[in-house]
2 protein chains.
Amino acid sequence: MSSLQDVAAFVGVSAATVSRALNDKPGVSTETRQRILEAARELRYWPNSTARSLTTSRTRTVLFVTHRHKFPPSEDPFYPQIMRGLEETLARDDYNVMLVTLTDEQLTAGPEALPVLQDGRADGLVLAGPDIPPGFVLRAAASGLSVMLVDNALRETQIPAVVADNEGGCRAATDHLIEAHGHRVIGLLRGAEGWATSEERTTGYCSAIRAAGLTPRVVSVSETTIESGFEAANQALDAYPEMTAAVAVNDAMAIGAMRAAGSRNLRVPADLAVVGFDNISWAKFAEPPLTTVNVPTLEMGRLAARLIVDRIEGEFTVASRTILTSDLVVRASCGCEKAAGAPD
Amino acid sequence: MSSLQDVAAFVGVSAATVSRALNDKPGVSTETRQRILEAARELRYWPNSTARSLTTSRTRTVLFVTHRHKFPPSEDPFYPQIMRGLEETLARDDYNVMLVTLTDEQLTAGPEALPVLQDGRADGLVLAGPDIPPGFVLRAAASGLSVMLVDNALRETQIPAVVADNEGGCRAATDHLIEAHGHRVIGLLRGAEGWATSEERTTGYCSAIRAAGLTPRVVSVSETTIESGFEAANQALDAYPEMTAAVAVNDAMAIGAMRAAGSRNLRVPADLAVVGFDNISWAKFAEPPLTTVNVPTLEMGRLAARLIVDRIEGEFTVASRTILTSDLVVRASCGCEKAAGAPD
DNA sequence: CTGTTAGCGCCTTCAT
DNA sequence: ATGAAGGCGCTAACAG
């Protein structure tokens with residue numbers, strides 16, 4: 001590999017001049033600049049990023065940090081998709097993404113204990129997912145690195161975040177069951193308390209329910225998997241026999257709920273309408289196809305990329321919390337018609 | 001951030017001694033080593049990875065390179081999962097993974113045109129997916145970086161690869177249709193020619209078919225998506241009206257085939273048995289649940305991690321091609337019984 | 001406009 | 001067992 005020195009020697013100028021020419025800095029005559037560019041091409045010169053980082057103390061690297069179990073999240077490319085959006089957009093600005101998945105222990109030990117966050121390898125962190133402890137986020141932000149949250153938010157802080165409109169999306173889904181299908185007894189199947197997204201979705205459900213003069217019926221279980229959806233639906237059906245519809249806080253739970261209905265010989269949507277949240281990849285292949293709320297994962301990643309680059313490069317950013325709209329995707333599990341046959 | 005110098009000054013020794021102590025090199029008395037370690041902890045010292053890389057010319061970074069459309073592959077976390085396995089295992093050896101997704105243009109332009117492959121940012125590349133052009137692979141390997149292939153292989157080269165047993169898996173699937181269910185007219189739905197994995201799966205199908213004294217009936221379409229599976233199945237059903245079973249080279253095509261059957265009022269598996277390949281996450285939620293061949297994606301990533309670290313660190317590695325077994329996952333779409341109800 | 005000097009933080013001879 | 005010196009490849013400050 002040839003170095004800056006090689007190019008300088010080749011052209012017969014100093015290294016400083018080559019550096020200036022290659023970095024589009026002023027102070028080089030058009031002619032020598034030309035000769036330098038040609039020489040660089042000829043010698044197949046590429047600036048060594050390590051050396052550059054050492055002097056500039058910028059790595060043009062962003063860490064995509066998630067809880068290890070989230071990547072891939074049990075069964076769906078939710079976070080991978082965010083990462084892809086991130087990578088795609090960062091690449092345009094010549095930034096790179098590094099994947100960092102953290103165990104529970106590492107998450108509780110905190111950012112100080114992680115070499116990769118301390119050794120100057122990265123300029124910024126994108127912390128993805130509601131299961132990154134607030135303490136971790138705060139201490140990471142205090143460490144001098146630029147920090148962004150995605151699919152998570154810390155109220156009462158200035159840490160910028162990109163989130164889906166969980167509340168609005170869940171309200172829309174619940175409204176749809178009430179208004180388009182006339183349901184009056186609608187359960188909410190949710191996971192553990194404490195995660196921002198779950199709380200927000202619950203709020204959306206409750207607000208739609210209350211606005212229609214109905215009673216909220218919430219069942220909480222400890223996780224948000226297919227299995228726990230199965231369990232939560234059974235609990236709900238036992239507790240509220242007159243229930244005709246269920247809103248699940250995510251698609252995995254919704255799938256579980258549909259399985260639970262099936263195991264009780266209830267037809268979906270005739271006997272029990274079900275809607276989910278996330279619009280994961282296989283929601284459309286569920287039987288019946290799942291009505292759900294879309295979360296624009298790719299967009300979240302893209303936006304996070306722009307925002308973190310702005311922060312790293314010291315640009316002024318106003319918004320500290322960006323909410324992306326989450327639209328209802330109507331399929332068949334809510335009771336709407338849906339042509340079978342060809343894929344959509 | 002404190003530097004090596006700071007620690008040295010604090011303890012009252014030279015930087016060289018601190019370096020030796022921290023890197024477990026001989027030539028430091030047990031006592032000073034102790035004092036240095038304590039000082040480092042106290043000052044919250046972390047070696048700066050950039051500076052270290054500059055002197056050692058090692059970055060402890062591996063690039064995970066895929067075609068951009070593969071990540072996430074159309075709808076399933078196949079490559080994300082490989083990447084996760086890679087990351088998980090690399091992390092144990094203090095290596096990091098960077099995600100690089102390449103467009104068609106970048107793939108044809110070749111590795112020389114990609115700064116990230118030329119600027120000394122990484123020690124090695126894991127090239128994932130059959131759609132990385134051979135030329136790209138060869139030139140990457142010639143560039144001095146350590147290279148590994150995953151879910152792809154280049155015959156007649158020494159480039160190490162980790163692949164699933166595509167041939168054996170597809171043979172097993174086809175055998176199952178013949179032996180367990182007595183099918184005699186079995187179609188193969190495949191995508192474009194040229195990709196190693198597709199070719200190998202086709203070979204497995206053909207060998208099973210021939211071993212049973214049957215005739216291969218292959219339908220090739222240009223892609224391997226749900227849509228193209230729909231199309232291929234329709235073509236096959238038109239061409240071979242007596243066909244009672246279909247093997248698809250991947251699960252997406254299998255899902256498409258089941259939809260095609262449905263649109264012709266054929267029941268799966270009664271009128272048309274279908275098996276897929278990959279065991280993607282939603283295969284088990286298909287209706288009926290899809291019988292398919294599992295590909296151990298996590299394991300592929302883990303193994304790739306070990307092998308590339310060995311290569312980077314100059315260890316001797318014998319195998320240039322590692323084949324991981326791919327087992328048949330029997331569900332209902334092949335005609336076997338499968339209890340409905342609770343998730344599996 | 002161009003060159004010289006210095007230094008980023010670390011590792012590695014070579015001396016002592 | 002320890003220290004001094006040099007250099008990895010690049011950028012930045014200061015001269016000219």
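A note on names: the letters A, B, ... follow the listed sequences, proteins ahead of strands, and every chain is numbered from 1.
C:dA6 atom P lies 19 Å from atom CG of A:Leu4, rounded to whole Å. Atom CZ of A:Arg33 and atom C1' of C:dT2 are 13 Å apart (whole Å). In this structure, B:Asp119 atom CG and D:dG9 atom P are separated by 14 Å, rounded to whole Å. Atom CD of A:Gln34 and atom P of C:dC1 are 14 Å apart (whole Å). Atom pair A:Met1:CE and D:dG9:P shows a separation of 11 Å (rounding to whole Å applied). Atom P of nucleotide D:dC10 and atom CD of A:Gln5 are separated by 8 Å, given to the nearest angstrom. Distance, B:Arg20 CZ to D:dA1 P: 10 Å, rounded to whole Å. If you take CD1 of B:Ile36 and C1' of C:dC11, they are 15 Å apart, rounded to a whole angstrom.
In this structure the side chain of B:Val97 never reaches within 4.5 angstrom of the side chain of A:Met98, judged on heavy atoms.
Between its two ends, the helix from C:dC1-D:dG16 to C:dT16-D:dA1 turns its axis by 40°, counting five pairs per end and rounding to 10 degrees.
The side chain of A:Ser14 contributes no N or O atom lying less than 4.0 Å from OP1 or OP2 of C:dT4. The shortest distance between the side-chain N/O atoms of B:Lys25 and the OP1/OP2 oxygens of C:dC11 is not below 4.0 Å. Contact between the side-chain N/O atoms of B:Ser29 and the OP1/OP2 oxygens of D:dA1 is not found at any separation under 4.0 Å. The phosphate of D:dT2 (OP1 or OP2) has a side-chain N or O of B:Thr32 nearer than 4.0 angstrom. The side chain of A:Asn48 places no N or O atom within less than 4.0 Å of a non-bridging phosphate oxygen (OP1 or OP2) of D:dC8.
With rounding to the nearest 0.5 angstrom, the CG atom of A:Leu117 is 9.5 Å from the CH2 atom of B:Trp46. Considering CG of A:Leu125 and CG of A:Leu145, their distance stands at 5.0 Å, rounded to 0.5 Å.
The side chain of A:Pro47 sits closest to D:dC10 out of D:dC10, D:dC14, D:dT2. The side chain of A:Val28 sits closest to C:dT2 out of C:dT2, D:dT11, D:dA12. Closest to the A:Ala51 side chain, of the nucleotides D:dC10, D:dA12, C:dT12, is D:dC10.
For DNA chain C, the neighbouring residues in residues 52-62 of chain A, judged by any heavy atom under 4.0 Å, are A:Leu54, A:Thr55.
The shortest non-hydrogen separation linking A:Arg84 to B:Arg68 is NE-O, 3.3 Å. For the residue pair A:Pro111 and A:Gln118, the shortest heavy atom distance occurs at O-NE2, 2.8 Å. Of all non-hydrogen atoms in A:Ile308 and A:Met148, the two that sit nearest each other are CB-CG, 3.6 Å.
Side-chain atoms of A:Thr108 come within 3.5 Å of backbone atoms of A:Asp104 as a donor-acceptor pair (strictly under, hydrogens ignored). Side-chain atoms of B:Arg60 do not come within 3.5 Å of backbone N or O of B:Asn96 as any donor-acceptor pair.
A salt bridge between A:Glu313 and A:Arg58 is absent, with no side-chain N of the basic residue lying under 4.0 Å from a carboxylate O of the acidic one.
Each of A:Ser3 and B:Gly12 was matched to the nucleotide of DNA chain D holding its nearest heavy atom; the match closer to the 5' end belongs to B:Gly12.
Residue pairs meeting the salt bridge (charged side-chain N to carboxylate O under 4.0 Å, His left out) criterion with at least one member in residues 121-139 of chain B, sequence neighbours excluded: B:Glu112-B:Arg139, B:Asp119-B:Arg121.
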